[in-house]
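To start, the structure under review is shown below, and the notes come after it.
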Amino acid sequence: MGKLLVFSAPSGAGKSTLIKAVKKVYPSLVFSVSATTRSQREGEVDGVDYDFLTMDQFKTGIEHDDFVEYEDVHGQYYGTRKSRIQKELDEGKDLIFDLDVLGALSIRRVFPEAILFYIDVPSVDTLKQRLISRNREGTEEINRRLERYEFEKGYRDQFDHIILNDDLDTAINELSSIIADVLA
């Protein structure tokens, strides 16, 4: 039976960077494939990048309680299917999830054995500087993400591991050590 490793973090905390680093250390870890109703983009492969579903298929999945979590993002649905997770667990795959805090807690409700990681930053000022230095969002969007940080941080004590990403190498080493124990 495979393992579920669920990562959550505020935008700008370095979650994607840490997940990529962990994947290099543990290449057998597999990203969970989400389902979506958005159109398939050039170069994307159905079943690899996403499970591309029609709106009717997605809504049927909701009606049949097949989604651990899902949300409507600008008129398109994105979600994590129970049937997909269970199939991969039964195949012995160890899965990585990159979800918001509410999605992570939804996974835990359905799969209580899931290991939840919350990636945090030393301070809101650190987060603000990271968001500014990315140079991807305007002031309004940065402020929205900083407000979201306070919301998400309120859930961190419900996670199994809180990783402070103050120093990247230290955070990678801490994560790698924990994951070694989980996969043992």
Side-chain angles (χ1 to χ4, degrees), residues 1-36 38 40-53 66-71 73 78-122 126-127 130-131 133-134 136 152 155-156 158-184:
M1 179 71 82
K3 308 272 196 236
L4 303 176
L5 308 176
V6 184
F7 290 80
S8 293
S11 180
K15 176 181 56 180
S16 297
T17 301
L18 288 171
I19 289 173
K20 285 178 189 168
V22 165
K23 281 270 302 145
K24 285 182 183 175
V25 176
Y26 300 99
S28 65
L29 293 173
V30 175
F31 271 105
S32 172
V33 177
S34 297
T36 185
R38 78 157 172 77
Q40 190 171 342
R41 295 179 183 145
E42 187 174 329
E44 288 181 328
V45 178
D46 185 34
V48 174
D49 297 295
Y50 285 97
D51 287 332
F52 292 97
L53 305 177
D66 187 35
F67 286 95
V68 177
E69 59 83 34
Y70 67 91
E71 62 182 293
V73 180
Y78 292 82
T80 306
R81 297 163 76 189
K82 287 182 209 174
S83 56
R84 173 74 116 128
I85 294 171
Q86 193 60 60
K87 176 182 178 289
E88 292 181 332
L89 284 176
D90 291 346
E91 292 172 358
K93 294 179 183 174
D94 297 315
L95 300 175
I96 291 181
F97 296 80
D98 178 347
L99 298 170
D100 71 356
V101 293
L102 298 178
L105 294 173
S106 292
I107 293 279
R108 164 65 56 77
R109 279 191 291 281
V110 178
F111 296 95
E113 70 279 12
I115 309 297
L116 277 60
F117 297 88
Y118 183 84
I119 310 302
D120 207 352
V121 293
T126 301
L127 184 61
R130 288 182 186 178
L131 290 170
S133 68
R134 292 195 319 192
R136 292 195 307 222
E152 291 181 340
Y155 289 94
R156 74 183 193 159
Q158 296 181 47
F159 284 67
D160 300 302
H161 302 281
I162 300 171
I163 307 297
L164 182 64
N165 188 13
D166 188 13
D167 175 75
L168 184 60
D169 289 333
T170 302
I172 291 169
N173 290 335
E174 185 179 354
L175 262 177
S176 296
S177 176
I178 294 167
I179 291 172
D181 290 342
V182 168
L183 298 179

Please check this pair: side chain of [X] against backbone of [Y], looking for a donor-acceptor N/O pair closer than 3.5 Å.
X    : Y    : value
D46  : F52  : yes
R108 : A114 : yes
D94  : K3   : yes

- Task: Might you confirm whether atom NZ of K23 has over 12 heavy atoms from other residues, nucleotides or ligands at distances under 6.0 Å?
- Result: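 Buried by this count: over 12 neighbours within 6.0 Å.
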Within a reach of under 6.0 Å around OH of Y70, are more than 12 heavy atoms found that belong to other residues, nucleotides or ligands?
no
If we only count heavy atoms from C-beta on, is the [X] to [Y] side-chain gap below 4.5 Å?
X    : Y    : value
V45  : Y50  : no
S34  : D51  : no
Y118 : Y155 : no
I162 : F117 : no
I115 : I179 : no
L99  : I107 : yes
Q40  : D49  : no
V68  : F111 : yes

Write down the atom of [X], the atom of [Y], and the distance for their closest heavy-atom approach.
X    : Y    : answer
Y26  : S176 : OH-O, 2.9 Å
A104 : V6   : CB-CG1, 3.5 Å
P122 : N165 : CD-O, 4.1 Å
E71  : D100 : OE2-OD2, 4.2 Å

Rounded to the nearest 0.5 Å, the CG atom of D120 sits from the CG atom of L127 at a distance of 8.5 Å
### Interatomic spacing from CD1 in I172 to NZ in K24 - rounded to 0.5 Å
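Between I172 CD1 and K24 NZ, I get 8.5 Å after rounding to 0.5 Å.
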Worksheet item: Is the shortest distance from a Lys or Arg side-chain nitrogen in D66 or R81 to a carboxylate oxygen in the other one below 4.0 Å?
Response: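 Judged by the 4.0 Å cut-off on N to carboxylate O distance, D66 and R81 do form a salt bridge.
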field: Lys/Arg-Asp/Glu bridge criterion (N-O < 4.0 Å) met for R84, E88
entry: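 Between E88 and R84 there is a salt bridge, with a charged N closer than 4.0 Å to a carboxylate O.
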Name each donor-acceptor pair under 3.5 Å that joins a side chain in residues 14-22 to protein atoms two or more places apart or in another chain, with its distance.
{"residue": "K15", "atom": "NZ", "partner": "D98", "partner atom": "OD1", "Å": "2.5"}

When V33, L4, D90 are each screened for side chain to side chain contact (heavy atoms under 4.5 Å, CB included) with I85, the one that passes is L4
Passes side-chain contact (heavy atoms from CB on, under 4.5 Å), L116 versus H161? Steps please. CA-CA 6 Å; L116 277 60; H161 302 281; over 6 Å; no
(message) Under a 3.5 Å threshold, yes or no: a donor from one side chain and an acceptor from the other, between R109 and S106?
(response) yes
Apply side-chain contact (heavy atoms from CB on, under 4.5 Å) to E91 and Q86, showing your working. CA-CA 9 Å; E91 292 172 358; Q86 193 60 60; over 6 Å; no
Inset, instruction - Run the numbers on R130 and S11 for side chain to side chain donor-acceptor pair (under 3.5 Å), then give the verdict. - result: CA-CA 9 Å; R130 288 182 186 178; S11 180; over 6 Å; no
Legend entry - Trace of the side-chain contact (heavy atoms from CB on, under 4.5 Å) decision for L175 with V25: CA-CA 10 Å; L175 262 177; V25 176; over 6 Å; no
Practice item. Begin from the C-alpha positions of L102 and E69 and carry the test side-chain contact (heavy atoms from CB on, under 4.5 Å) through to its verdict. Key: CA-CA 8 Å; L102 298 178; E69 59 83 34; over 6 Å; no
